[in-house]
Amino acid sequence: MLQKRSADRYKELVENVNDAVYTVEFKTLEFTSVNQAAERLTGYTKHALLHKKVFEIIPKEYIPIVQKMIGLKHKKKSTVYEIEIIRKDGTLVPVEISSTALYDNDIPVEILGVARDISSRKLLEKQRSIFISLITHEVKNPLTSALLYLPLLQKRVQKDDTSLHYVETLQRQMISIDRLMTDFLDVMQMRVGKFRLHRERIDVNEIIDEVINQFSPTNRVIRKEGSAKKVFADATRIKQVLTNLISNAVKYSRDEEEILIQVTNNVSHVVIGVKDFGEGIAKEDQSKIFHVFERTDVVLKKTIKGHGLGLYICREIVKHHGGKLWVESTLGKGSTFFFTIPYKV
Ligand code: ADP
């Protein structure tokens with residue numbers, strides 16, 4: 001009695017969930033049961049669906065994927081994949097299918113599936129990708145090319161002091177917008193899982209020396225201690241992390257204070273520390289600085305200068321390499337930002 005009641009409840013639940021729930025016969029791929037959501041999703045009545053085979057409502061190009069997934073059922077694997085289905089009115093709906101097989105003596109006899117309408121997620125992804133390409137082509141590229149003209153202009157106005165000041169101010173502002181755009185695009189790529197590394201065996205020591213050299217116009221003392229073993233990493237991205245951390249160390253400490261780049265080799269990875277003796281970071285802010293742009297509290301914003309995407313990006317780059325990035329800091333005494341890069345993938 002109790003069993004019957006709980007079976008009825010399950011039936012009612014399946015009938016009323018928002019996702020299409022269905023079963024199909026394994027051999028013929030004919031629908032053997034469907035719920036109300038399946039009717040809404042496909043536009044067909046229950047009766048009509050029960051006279052259809054799966055491939056009748058799937059565009060040709062998706063059939064190989066579905067066949068492959070059905071094949072996996074022999075290995076008792078549940079599958080989740082995305083395809084489109086053809087509705088009764090001919091329109092296509094993107095769906096996420098999660099399916100599993102029901103077995104009789106280890107032989108699959110029926111497939112139990114759930115189809116979720118993912119139209120709004122797909123639309124959002126499309127809008128995001130249009131937005132990224134708009135920012136890249138309509139903002140970032142013109143800005144980068146405009147930046148190339150400024151040094152030429154600078155040469156021409158060198159004798160006129162006031163104009164030179166204008167050009168330099170313009171250049172500083174444009175470089176700052178260009179950096180923000182680059183960071184913003186990086187964050188977008190990371191968020192949609194499209195961030196890729198180009199890894200090869202590299203000498204981190206050379207990168208550190210190169211980055212230290214870049215900072216020579218600041219006249220800061222930046223010293224390297226220790227030497228790194230070779231790692232398998234993306235040189236441009238590691239350079240980006242180091243540049244960001246050193247640039248912060250310069251920004252948040254006084255001119256007369258030195259900056260140390262400490263390198264040690266552990267069993268499986270290189271550890272690089274960027275140490276400054278500047279203002280330091282309060283304990284309660286130490287975890288927040290890595291995802292500043294997600295923060296909603298206003299309190300910290302007062303103490304944070306800049307746009308705050310840098311550390312988030314650095315941490316993501318290091319994470320993609322299989323390493324970690326963290327900070328040790330005492331307010332008023334300085335901070336050390338550490339990150340690790342594994343020797344192997
Ligand atoms: P930005 O410097 O552009 O704000 P970051 O993501 O690089 O962006 O840094 C986020 C915040 O972390 C900074 O605004 C600052 O408050 C804090 N911070 C980062 N590095 C240091 C440092 N070396 N010393 C003190 N505070 C730091």
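In each ligand, atom 1 is the first atom listed, and ligand 1 is the first ligand listed.
- Remark: the backbone N or O of Ala37 is not paired with any side-chain donor or acceptor of Asn18 at under 3.5 angstrom.
- Sparse packing is recorded around OH of Tyr166, with 12 or fewer heavy atoms of other residues, nucleotides or ligands lying under 6.0 Å away.
- Considering backbone and side-chain N/O atoms, Leu311 comes within less than 3.5 Å of an N/O atom of ligand 1.
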Between side-chain atoms of residues 122-135 and protein atoms elsewhere (two or more places apart, or another chain), which donor-acceptor pairs fall under 3.5 Å?
residue, atom, partner, partner atom, Å
Lys122, NZ, Glu82, OE1, 2.9
Glu125, OE2, Arg121, NE, 3.4

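- For ligand 1 and Lys251, the ligand atoms under 4.0 Å from any heavy atom of the residue are 1 (P), 2 (O), 3 (O).
- A cation-pi contact, defined as under 6.0 Å to the ring centre and within 45° of the axis, is absent between Lys73 and Phe26.
- Proximity to Ile281 (heavy-atom distance under 4.0 Å) selects the following atoms of ligand 1: 25 (C), 26 (N), 27 (C).
- Side-chain heavy atoms closer than 4.5 Å link hydrophobic residues (I, L, V, M, F, W, Y) into clusters, and following such links, even through other members, never connects Val109 to Leu50.
- Residue contacts with ligand 1: Tyr312 is placed with no nitrogen or oxygen under 3.5 Å of a nitrogen or oxygen of the ligand (distance criterion only).
- Results of the side chain to side chain contact (heavy atoms under 4.5 Å, CB included) test with Leu143 over Ile175, Thr182, Asp178 single out Asp178 as the only residue that passes.
- Listed by number with element, the atoms of ligand 1 under 4.0 Å from a non-hydrogen atom of Ser335 are 24 (N).
- Contact atoms of ligand 1 toward Asn244: 7 (O) (distance under 4.0 Å to a heavy atom of the residue).
- Only the side chain of Phe337 comes within contact range of ligand 1, with a heavy atom under 4.0 Å; no backbone atom does.
- Proximity of Leu245 to ligand 1, defined as any heavy-atom pair under 4.0 Å, is not found for any part of the residue.
- Proximity annotation for atom 20 (N) of ligand 1: of Val274, Ile289, Ile259, Asn248, Asn248 comes nearest, heavy atoms only.
- With hydrogens and angles disregarded, a donor-acceptor distance shorter than 3.5 Å links the side chain of Thr32 to the backbone of Thr23.
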